[in-house]
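A short write-up of the structure that comes next.
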Amino acid sequence: MHQHRVIIAGAGLGGLTLAHGLRARGFDVAVYERDPHPDVRPQGYRVQLDEPGLAGLEHCLPEHLFRLGLATAASPPARVSVRDRHLGTLADRPTAPDPDPAGGAARPYRSYAFNRPTLRQILLSGLADTVRYGAELLSWQREQDGTVTARFADGRSASADLLVGADGVGSAVRRQLLPHARVEDAGLRLIYGRIPLDAPDAPDTGVGEAGGAEAAALPPWVFDSIFTVVTGGQGSPHVGFGPVRFARPPGAAGPAHTPPVPLTPVGDYVACLVGAPVDHPAMPSFEALRGLDGPALRELAGRLVGDDWHPDVHRLLDRWETDSLFPLRISTASPVPPWEPGPVTLLGDAIHAMSPVLAMGANTAIRDAAELTRALAGAAASGAPLVDGVRAYELRMREYAFSVVAASRRTGRQRVGQR
């Protein structure tokens, strides 16, 4: 029986989830990542996973890794709150689905807040012989026998039955496969970082485990939802807060019956972002923004959030860990008409980048990984050409993913001034 070979370009959450899913189903998988090592650049802190992402992880990961992910994630109240700059409630909605009264096959999942670097460490577990670092993909070529050859900046090349572009917003795979696909500047700039909660000896605030003194000093509304957006109004700056208080801190010993997975210790924190439209008079160019150090980024955030905002917001920003701050430019993809399937496909931000306002980017990328795993495994099991699985995946992915992109764009325009 032929063992299908798959190259995955990009070792992000979607690419690594796909690697696990395909390896478990007998595929020969190699992941090529342009970064020289996994910790070379900041990739964020908190990532919220709801039903699409959690179901995708459960489908693709070995059971012990899925359970470790849940055990080391935070589970704040599964609600998203939107408040005005005076902290009046504008919206408050649940994130997790209600149980299916008809007893359908898809069981409900509650929402979790993962520490992104911890989740990535878990996803890298067991893939040491699969991930090649320092391999920036430059181009690919379809061969006469239907395979594809990928070429990398360091002179390496590799051939496979399928190349999957999981290489993010600036995807080199997409540029060649779909040169007409457009990824637009969403017109938003973010300053992102953490408020640490790891000071000792604080009382419990009623959410998860007892926090430290830092947690007790924060306003209780920060812990009432999995994420809270405080908005100055349409087209004005906004601030977001997402508590991450671990059920079991990463780095703590795992259960004796599971294979050990070394995790970097992480203390509880609140992820915090300040965002503003690109044309806000206080917002510099992105090039200038990238040149600012942590204290300068916090000072800029204070200028963006006006004196008429609730004092709680300013007190929270004063607790920002300046060493953790970095800027982000938000992009959004335009829908792409159907294309002829072949030995190259795309997942995640490489095809459907979206603004983070609905917290669905990582969820959708991980869902892609599970959907592609199912489609390819089904084709292989039936003896059908692998391209049949690619076709089935792409048809389904375009339907669900671009509807989420559109919903994110609509909500972003209403709440935070997205273009």
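The basis for the numbers below is simple: all heavy atoms, side chains too, and nothing from hydrogens, waters or symmetry mates.
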I'd like to know whether CZ of Arg156 has more than 12 heavy-atom contacts from other residues, nucleotides or ligands below 6.0 angstrom. yes
Counting N and O atoms only, with roles assigned by atom type, does the side chain of Gln3 sit under 3.5 Å from a partner on the main chain of Gly26, one being a donor and the other an acceptor? yes
Tell me whether the NZ or CZ atom of Arg367 lies within the 45° cone about the ring axis of Tyr400 and under 6.0 Å from its centre. yes
Exactly one of Leu70, Leu49, Leu13 clears side-chain contact (heavy atoms from CB on, under 4.5 Å) with Leu57, and that residue is Leu49
Please check if the side chain of Asn363 supplies one atom and the backbone of Asp50 the other of a donor-acceptor pair under 3.5 Å. yes
Cation-pi check, Arg5 to Phe27: give yes when NZ or CZ is under 6.0 Å from the six-membered ring centre and within 45° of the ring axis, no otherwise. no
Which word best sums up how the rings of Tyr45 and Phe326 line up, parallel for under 30°, tilted for 30 to 60°, or perpendicular for over 60°? tilted
Identify the heavy atoms of Gly69 and Ile122 that sit nearest to each other, and give their distance. CA-CD1, 3.7 Å
Quick one: does any side-chain atom of Asp268 pair with a main-chain N or O of Phe246 as donor and acceptor, under 3.5 Å? yes
Just by distance, do the side chain of Arg413 and the backbone of Arg419 share a donor-acceptor pair under 3.5 Å? yes
Quick one: does any side-chain atom of Arg120 pair with a main-chain N or O of Ala11 as donor and acceptor, under 3.5 Å? yes
Under 4.0 Å between a side-chain nitrogen and a carboxylate oxygen: does that hold for Arg409 and Glu184? yes
Would you please name every residue forming a side-chain hydrogen bond (donor to acceptor under 3.5 Å, both in side chains) with Asp28, sequence neighbours left out? none
Thr130: which residues meet the side-chain hydrogen bond (donor to acceptor under 3.5 Å, both in side chains) condition with it, sequence neighbours left out? Arg23
Test your reading of the model: is there a side-chain donor-acceptor pair from Arg25 to the backbone of Gly21, 3.5 Å cut-off? yes
Side chains of Arg46 and Gln48: is there a donor and an acceptor less than 3.5 Å apart? yes
Can you check side-chain hydrogen bond (donor to acceptor under 3.5 Å, both in side chains) on Glu143 and Ser159, steps first, answer last? CA-CA 9 Å; Glu143 306 295 352; Ser159 295; 5.3 Å; no
Does Arg315 come within less than 4.0 Å of Asp312, counting only side-chain N to carboxylate O? yes
Got a donor-acceptor contact below 3.5 angstrom from the Asp388 side chain to the Ala379 backbone? no
Indicate yes or no: at least one non-hydrogen side-chain atom of Ser355 is less than 4.5 angstrom from one of Thr332. no
Any donor and acceptor pair, going by atom type alone, linking the side chain of Thr89 with main-chain N or O of Ala91 inside 3.5 Å? no
Asp185 bridged to Arg329 by N-O distance under 4.0 Å: no
Whether the side chain of Ser225 engages the backbone of Thr228 through a donor-acceptor N/O pair (distance < 3.5 Å, no angle test) should be reported. no
Aromatic plane relationship, Tyr32 with Phe152 - under 30° parallel, 30 to 60° tilted, over 60° perpendicular: parallel
Check this for me: Glu399, atom CD, are more than 12 non-hydrogen atoms of other residues, nucleotides or ligands nearer than 6.0 Å? no
Is there a donor-acceptor contact under 3.5 Å from the side chain of His20 to the main chain of Leu123? yes
